[in-house]
Structure formats: C-alpha cells, structure tokens
Amino acid sequence: MPSLSRVLRSRERGTGIHAADLEGSRSFIQRLYLSEKLMGHSGCVNTVQWDSEGNYLVSGSDDRMVCIWSFWNKKQLHRIPTGHSNNIFCAKFVPGQLDKIATAAGDGQLRLVHVERQYADELVRADGVMLKIAFAPESPAVCLATSMDGSLRMVDLRSDPLTHSRITWRRGLSGVAFDPFRPSVCAIGVDDGTVALLDMRFAGGHEDHKALVSIPAPETRQRMLQRGESLDREETPSGLDFSTTHAHELIVNYRDGPLRLYSTRNDSQPGRMLMQSYTGRRNVDTFAKDVSFLHGGRYIGSGGDCGNLFVWDKATGQLVYKALGDSSVVNCVCPHPSQLDVITAGIDSDIKWWTLGATPVPLSLETTETLTSSLQSRMRMGEVISADEAEGKLAEANAHRAVGNEFFRTEKYTEALVEYEKGLAAIRGRMSRGDLIAAQTQARLLILGNTAACHIKLENFSEALAACTQAIAIDKNNAKARFRRAQAHIELGQPKDALADIHVARANGGDAAALDGLERVARERLREERRAETALYSRMFRS
C-alpha cells in the first residue's frame, strides 16, 4: 500500500497513485476532510459529474444553470444557462466532447448544452420529470434518459435529423447505469421497487420485451403490496451505480430503506442476487439521492437526510466514516475517477470538495437516527456558531493545545497528539464574527504545526507532511509549516520538494540559520540521488 506522502506527492504532480491502488485502506477513507467549497450556483445543487479523465467537473442546480470547474485549481471556468424552465437533476459531459453537456430537468426536457456557444438545444421532451442520464459505453453518442412518466428515452446524438426511441413502463423511472463489464446491459430503477436489467441489443418498446430479469422489490415492499397497504414510494430505488473494478456488482440506494449490493452475474436467479445491505442513514426527504462506489470499489458512499456523507465498508456492511456535508441533505456523492477526492452536493448552493487530511476522523458510535435534534443542529456546517459558543470553543481548543504542549515538553508525543486532535475537533464549524474567524484560523494553524512537530519526533514523516500540507492550505506562506514540511520531505527522500519549501520559508521570514542547515542536508541528499542515478545508468549501458 502506498504511503500518505506518496499519495500527496502524486496529487501535486498529477501522476502516480490512483484510488484503485488504495484497495482496502480504511485509514485513507477516514482521512477525508472538507477542503474546499465551490461557490457558483444560487440554488440546490442536484448533480455533479466528472469527465472521464477527471480534469473537469460539471454541476447542475435549481438555478437552471450548469457550471464547469477545473480539477487543477478548483476554479469555475464556465457558468452557462441551459434553457430549462425547472430544476436540473442531471448533467453529464458527452463522452469525448468536453464542449457538449447533456442535461435532464424537472420540465421533462433532455437538452444539449454547447459550452463555447453558451447555448442549449432541446433534444426530447417527456410528460414527467426527466431525472437521470447515461451514455452507452460501446456507442458513446447514444444517450439514455429516464423519466418519472415511465419512459426510457434513447437519443442518438450523431443523427441528423435527430432520432430517438423509447421503452415504456407502467411506473416512473429513476436511476440508470451501464455495466462496464457487459456494456450492452444497463440497470434502471423503477418506482414499483424493482431494478430492471436491460440488454439494449434486444430491448423492445415495452417493459415486457426486456431480455433480462429484474431485481425484485425488497421483501418489505412486497409484503405491503400483498396486504394492499398504501406504499407512498417506500423502498423504491433513488439511485444506483455499477462497480468499475469488481465485475457485475450493482449498488442500489432505496428510499425509506437500506442500501443494497447485488450481483448481476446470475441474472436468471434473482433470489441469489443480494450480497450485502448498508444501514445507518435516512433517505426519505428527497427522491433522487445518488450512491457511488469509492476508492477502488471497496467502499460505498451516499448521503443522508441529516446532511451527512456516509461511507460503508462494502464487504462487511460496517459504517466506517460519517461527516457533515450539507446544512440539510446530501444528495450527490461523486468520487474522482482516478484520484482520492470526493465531491458532495445537496440542498446548499455550494459544492463540497473532500480530500485527504493529516489524521483519521474518529467515527461516532451513534447513528444519525439517534442524534438529538439539538446535536444535529450544532453539527450542521451551514449554521453559524454563536459568538458565546465560539468563544467557549476557542478556549477549549487552546486548553487542549496547552495540555498537548506540556506533553510535548516532557516527550510524551502520542499523548500530545490526542490533545491536539481534541483541540482541532473543538473548533470545527463556522464562526460568526471576523475576529472569531481570525482566532479560529490562528488556533488551527498552531495546532496543526504542533501536530506536525509531534509526528517528526515520532518519525511519522508521512503524517507530518500531511499536517503541514493542511496548514499550508490555510496559509501558504506559513514559514514554520514550510520548514517542517521540508524536514518531512528530506526524510521521505524528496529533496527537490524540500528545497521548494525552504525557498518559500526564507521569503517569509523563516529562521535563516535553521533553514541554512536544512538546505545543506537537502542539497547533499540531492547529490546522493544524482550519484546513484549516474551509477545505475552506467551499469545499464555497460550491460
């Protein structure tokens, strides 16, 4: 398994570590923290999707606009009107064409946005909400769109004039996804609680003509149907996703029920399809919550009505991570296709960007359903902490830091780290005044710096590097963080990176004598690297 320092280094260079390389690494999942908020929409954000290479993110909102964001600098590149008259529920880049985006919305329209022209064409219109979009892997110009009127629309974007066909169901449709290991097969969520598996080579114009069987509705729903009880949409699919790393695995997010993992390998034996269930979150308040496989397909990510991002271990069904991702509801969970970043969105008008932090986030033993409303209220990121409470939190953080400093002075570094982590936890959230925000920032910088110092003493250099990187994300010119990160770089065999940090530390008033000594070590390590490379090449050419 790669070290955290190697992961962070590869992120900066844009190469190297992929999410699939971290298969089974729970510690990486638990290091996710909210690193950025993307501001550009003025309504709920209902959809976020990466392009296939992960260079650009597209988002769609109740404001009927789509925005395009850069992975590399997290900046908005475009904000484009779509011509929709109602909320956008899905937006995706046309495969291989970054200048075109397909959108589906509450007005029943499927539209094609031309990025450079800042214009959109209507492709097809349904009688109900157009909800989700998928592109056929073997024919990327063929777009499928589901509608709550019970129709699956298939549009060939290459045709002129535009041609489309449809398959109809007796109930509304929700999510749609193609199986990457059988690219002609797609899964479709149906409002009767089933998930239809279609082989698009043989699918006819009506649901009875589909070539593969359906995943049956959950047993609780079947019992309600048998008793003639009112269903009110209980345990119907709201989102689904195929694994790209483990063949024929399909995860389904159910409204008012658990998430369920199915194997679609044995289509003819639906009773044997269920592999695992995932509980601990509530999915009632919105009708189109997504679900995604994360980090090499070994984890399941989804949102809840409480505003939390939830992550489960796929194999065991255990909830391993939970963090606040919205002031109300998280609807979208979108992993980067190759890196470790995760994007979430929901009722808030901003988009949350999650990346790796210095230390694992401890998981509360309480499930969301057991939290009191007052605790939920305090936890929600969208609510501002009152001035009195903020002052108390700052005092608590400083007290933990003081205790940690005493442990550090007596060389009890592990005990110090526990206190520093408590100090960071105390000041999570939004402060209400500028002076409180400044004090919060200063406290975080001091604690992160002390955390890095402990890790250096314990020779946990990858952890030290991560803590310094978090501090530098707050203040890129922080000389102490740059100095300590340079120390970590040297010990991790990265003298070039160390020299870059030393240069910034010098420019911002770092201790000249200490930096001189560190630079001498870094340059000597760099010379050793070059001598080793020269010797290696010499042996290669002699052979």
Side-chain angles (χ1 to χ4, degrees), residues 1-36 48-55 57 71 177 180-181 239-253 259-261 275-278 280-281 289-304 308-325 330 332-345 351-363 462-463 466 469-470:
M1 183 191 305
S3 68
L4 180 57
S5 60
R6 186 178 163 210
V7 172
L8 292 170
R9 201 160 65 252
S10 71
R11 281 176 50 84
E12 293 177 359
R13 295 171 180 169
T15 59
I17 303 301
H18 285 213
D21 297 325
L22 302 175
E23 215 168 85
S25 176
R26 181 179 297 185
S27 67
F28 280 90
I29 282 287
Q30 293 175 336
R31 293 175 194 275
L32 285 174
Y33 81 103
L34 180 61
S35 65
E36 198 88 21
V48 285
Q49 295 287 334
W50 291 103
D51 76 291
S52 59
E53 299 298 321
N55 292 319
L57 181 77
F71 170 76
F181 293 91
L240 44 82
D241 188 32
F242 275 104
S243 174
T244 60
T245 56
H246 296 75
H248 315 310
E249 290 185 355
L250 176 69
I251 183 69
V252 182
N253 194 0
L259 296 92
R260 294 180 174 89
L261 178 69
M275 298 170 64
Q276 187 60 269
S277 296
Y278 309 92
R281 69 87 181 88
K289 283 192 186 70
D290 288 334
V291 60
S292 297
F293 288 93
L294 304 180
H295 290 195
R298 301 302 291 266
Y299 297 92
I300 305 296
S302 187
N308 278 313
L309 162 64
F310 293 84
V311 180
W312 295 265
D313 184 295
K314 184 188 71 176
T316 67
Q318 181 184 2
L319 180 65
V320 297
Y321 181 81
K322 182 178 70 177
L324 265 284
V330 172
C332 310
V333 177
C334 181
H336 191 276
S338 61
Q339 300 297 319
L340 301 170
D341 305 71
V342 176
I343 304 296
T344 61
I351 298 166
K352 311 299 193 302
W353 193 309
W354 303 78
T355 190
L356 291 185
T359 55
V361 176
L363 176 68
S462 62
E463 307 286 354
T469 299
Q470 270 192 269

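Just so it is clear, the values below take in all heavy atoms, side chains as well, and ignore hydrogens, waters and symmetry mates.
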Self-check item: Whether Tyr299 side chain and Ile29 backbone form a donor-acceptor pair below 3.5 Å
Solution: no
Quiz item: How long is the span from the NZ atom in Lys322 to the CD atom in Gln30, to the nearest 0.5 Å?
Solution: 13.0 Å
Quiz prompt | Side-chain heavy atoms of Trp50 within contact of Phe71, under 4.5 Å | solution = yes
Quiz item: Can you list the steps and then say if Asp290 with Asp241 is a side-chain contact (heavy atoms from CB on, under 4.5 Å)?
Solution: CA-CA 8 Å; Asp290 288 334; Asp241 188 32; over 6 Å; no
Quiz item: Could you state the interatomic distance from CE (Met275) to NE2 (His248), rounded to the nearest 0.5 Å?
Solution: 11.5 Å
Self-check item: Exercise: identify the closest heavy-atom pair between Gly303 and Lys289
Solution: O-CD, 3.6 Å
Quiz item: What is the distance from atom CD of Gln276 to atom CD1 of Ile300, rounded to the nearest 0.5 Å?
Solution: 9.5 Å
Self-check item: Derivation of the side-chain contact (heavy atoms from CB on, under 4.5 Å) call for Trp353 and Leu34
Solution: CA-CA 6 Å; Trp353 193 309; Leu34 180 61; 5.6 Å; no
Quiz prompt | Which residues share a side-chain hydrogen bond (donor to acceptor under 3.5 Å, both in side chains) with Ser292, sequence neighbours left out | solution = none
Self-check item: Separation of Ser35 OG from Lys352 NZ (nearest 0.5 Å)
Solution: 12.0 Å
Quiz prompt | Heavy-atom closest pair, residues Pro180 and Ser243 | solution = CG-O, 3.3 Å
Self-check item: Check: Asn308 side chain, Phe310 main-chain N or O, donor-acceptor pair, under 3.5 Å
Solution: no
Practice problem: Report the distance from atom NE2 of His295 to atom NE2 of His336, rounding to the nearest 0.5 Å. | Solution: 11.0 Å
Exercise. Go through the structure and list residues passing side-chain contact (heavy atoms from CB on, under 4.5 Å) with Ala315, not counting sequence neighbours.
Key: Asp313
Self-check item: Which residues share a side-chain hydrogen bond (donor to acceptor under 3.5 Å, both in side chains) with Glu249, sequence neighbours left out
Solution: Lys314
Quiz item: Taking only residues two or more places apart in sequence or in another chain, which ones pass side-chain contact (heavy atoms from CB on, under 4.5 Å) with Val333?
Solution: Leu294, Leu309, Val330, Val342, Thr344
Quiz item: Which residues pass the side-chain hydrogen bond (donor to acceptor under 3.5 Å, both in side chains) test with Asn253, sequence neighbours left out?
Solution: Arg281, Asn283, Ser302
Quiz prompt | Trp354 vs Asp341 side-chain heavy atoms within contact, under 4.5 Å | solution = no
Quiz item: Of the options Thr245, Leu261, Leu250, Thr244, which is the one that meets Phe293 in a side-chain contact (heavy atoms from CB on, under 4.5 Å)?
Solution: Leu261
Quiz prompt | Smallest separation among heavy atoms of Ser277 and Arg260, with atom names | solution = OG-CG, 3.9 Å
